[in-house]
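Index from 1, following the sequence.
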Amino acid sequence: MWNYETARDTLVEQLRADAAAHRAENFDAIGRRFDRLEHEFPKGSAPQLAKLHIALAFWDGWIDARNNGWPRGPIALDQWPDLAERVADDLAADREISPPLVVSRFDLVAHPNLNERVQTLAARLRGRDA
């Protein structure tokens, strides 16, 4: 299991790589490292992990949107890479996640009635308390 810094830096790297892949219309590349990252993700619900949970839920939502043919919704096809870059920038600077659209859709703590997919991922991450 990774420590916070390794998980953060790896997530930043993956979000930026997937943003570049998205812009190049290489949509199949989005999320290739998600399962590995989730498997190595720090366990628990420590406060510093909150921003990583939001970023991971965002990435999962992006992958889900791709897998479902980019359905119409609150995040348009061309918004995903820009949002990913902003989330990556926030994480790299060790700031809270700032894009309001990301927070409103993927922060289960602030918005406990989010969709089942986000709730399931959040429960898996919280349920890893050591």
Side-chain angles (χ1 to χ4, degrees):
M1 178 177 37
W2 292 332
N3 63 27
Y4 168 82
E5 290 80 13
T6 300
R8 180 197 62 210
D9 295 347
T10 303
L11 189 50
V12 166
E13 177 183 310
Q14 294 306 310
L15 287 171
R16 288 180 174 156
D18 283 359
H22 186 117
R23 287 186 180 103
E25 297 185 7
N26 184 11
F27 300 125
D28 287 341
I30 297 168
R32 282 193 185 149
R33 304 288 184 263
F34 182 89
D35 290 339
R36 177 179 166 260
L37 193 142
E38 184 188 359
H39 179 73
E40 297 293 337
F41 209 76
K43 297 174 174 138
S45 56
Q48 74 267 25
L49 296 178
K51 61 182 150 265
L52 297 184
H53 289 179
I54 295 167
L56 195 64
F58 165 79
W59 195 22
D60 184 60
W62 188 10
I63 296 162
D64 187 55
R66 185 268 325 266
N67 289 346
N68 286 289
W70 308 108
R72 290 186 57 179
I75 302 176
L77 173 64
D78 64 345
Q79 288 180 294
W80 288 103
D82 293 334
L83 289 170
E85 290 283 354
R86 291 178 61 198
V87 169
D89 290 347
D90 286 340
L91 290 176
D94 215 18
R95 297 185 300 251
E96 296 302 316
I97 304 300
S98 63
L101 184 55
V102 172
V103 173
S104 70
R105 300 295 299 172
F106 302 104
D107 183 353
L108 192 62
V109 173
H111 305 282
N113 295 320
L114 290 176
N115 72 50
E116 184 178 342
R117 185 176 182 88
V118 173
Q119 290 184 29
T120 299
L121 177 60
R124 283 197 315 260
L125 296 172
R126 280 191 316 266
R128 294 181 178 173
D129 287 321

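Side-chain atoms of L11 and V87, non-hydrogen and from C-beta on, never get closer than 4.5 Å to each other. Within the 4.5 Å cutoff, the side chain of D60 has no heavy atoms near those of the L56 side chain. Annotation: side chain of P74 is in contact with side chain of L101 (closest heavy-atom distance under 4.5 Å). Using a 4.5 Å heavy-atom threshold, the side chains of Q79 and L83 count as touching.
The aromatic rings of F106 and F58 stand perpendicular to each other, their planes meeting at an angle above 60°, with 30° marking the opposite boundary.
Looking at every heavy atom in both residues, A84 comes nearest to A19 through CB-CB, 4.3 Å. Looking at every heavy atom in both residues, D78 comes nearest to D82 through O-OD2, 3.9 Å. Of all the heavy atoms in A65 and P71, the pair that sits closest is O-CD, 3.5 Å.
Side-chain N/O atoms of D18 and W62 include no donor and acceptor closer than 3.5 Å. Looking at D94 and Y4, their side chains do bring a donor and an acceptor atom within 3.5 Å of each other.
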Discussion item. Please determine whether side chain to side chain contact (heavy atoms under 4.5 Å, CB included) holds for the pair I97 and L91, giving the CA-CA distance in whole Å, both sets of side-chain angles, and the decisive distance to 0.1 Å.
Written reply: CA-CA 7 Å; I97 304 300; L91 290 176; 3.9 Å; yes

Item to complete: Could you give me the CA-CA distance, side-chain angles and deciding distance for W2 and F41, then say whether ring pair (Phe, Tyr, Trp, His ring centres under 6.0 Å) is met?
Response: CA-CA 6 Å; W2 292 332; F41 209 76; 8.1 Å; no

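Separating the CG atom in L77 from the CD atom in E25 is a distance of 8.0 Å, to the nearest 0.5 Å. One finds the CG atom of N67 at 9.5 Å from the CD1 atom of I30 (value rounded to the nearest 0.5 Å). Taken from CZ in R8 to CD in E13, the straight-line distance is 13.0 Å, to the nearest 0.5 Å. With rounding to the nearest 0.5 angstrom, the CG atom of D89 is 6.5 Å from the CZ atom of R95.
The one candidate from W70, W59, W80 that meets the ring-ring contact (aromatic ring centres under 6.0 Å, His included) condition with H22 is W70.
Checking side-chain atoms of R86 against main-chain N and O of S98 turns up no donor-acceptor pair under 3.5 Å. At least one donor-acceptor pair under 3.5 Å links the side chain of N3 to the backbone N or O of T6.
Taking a cutoff of 4.0 Å between a charged side-chain nitrogen and a carboxylate oxygen, E85 and R23 qualify as a salt bridge. The pair K51-D90 does not count as a salt bridge, with every side-chain nitrogen at least 4.0 angstrom from each carboxylate oxygen.
In this structure, R72 has no salt bridge (charged side-chain N to carboxylate O under 4.0 Å, His left out) partners at least two apart in sequence or on a different chain. The side chain to side chain contact (heavy atoms under 4.5 Å, CB included) check on A92 picks up V12, R16, with sequence neighbours excluded.
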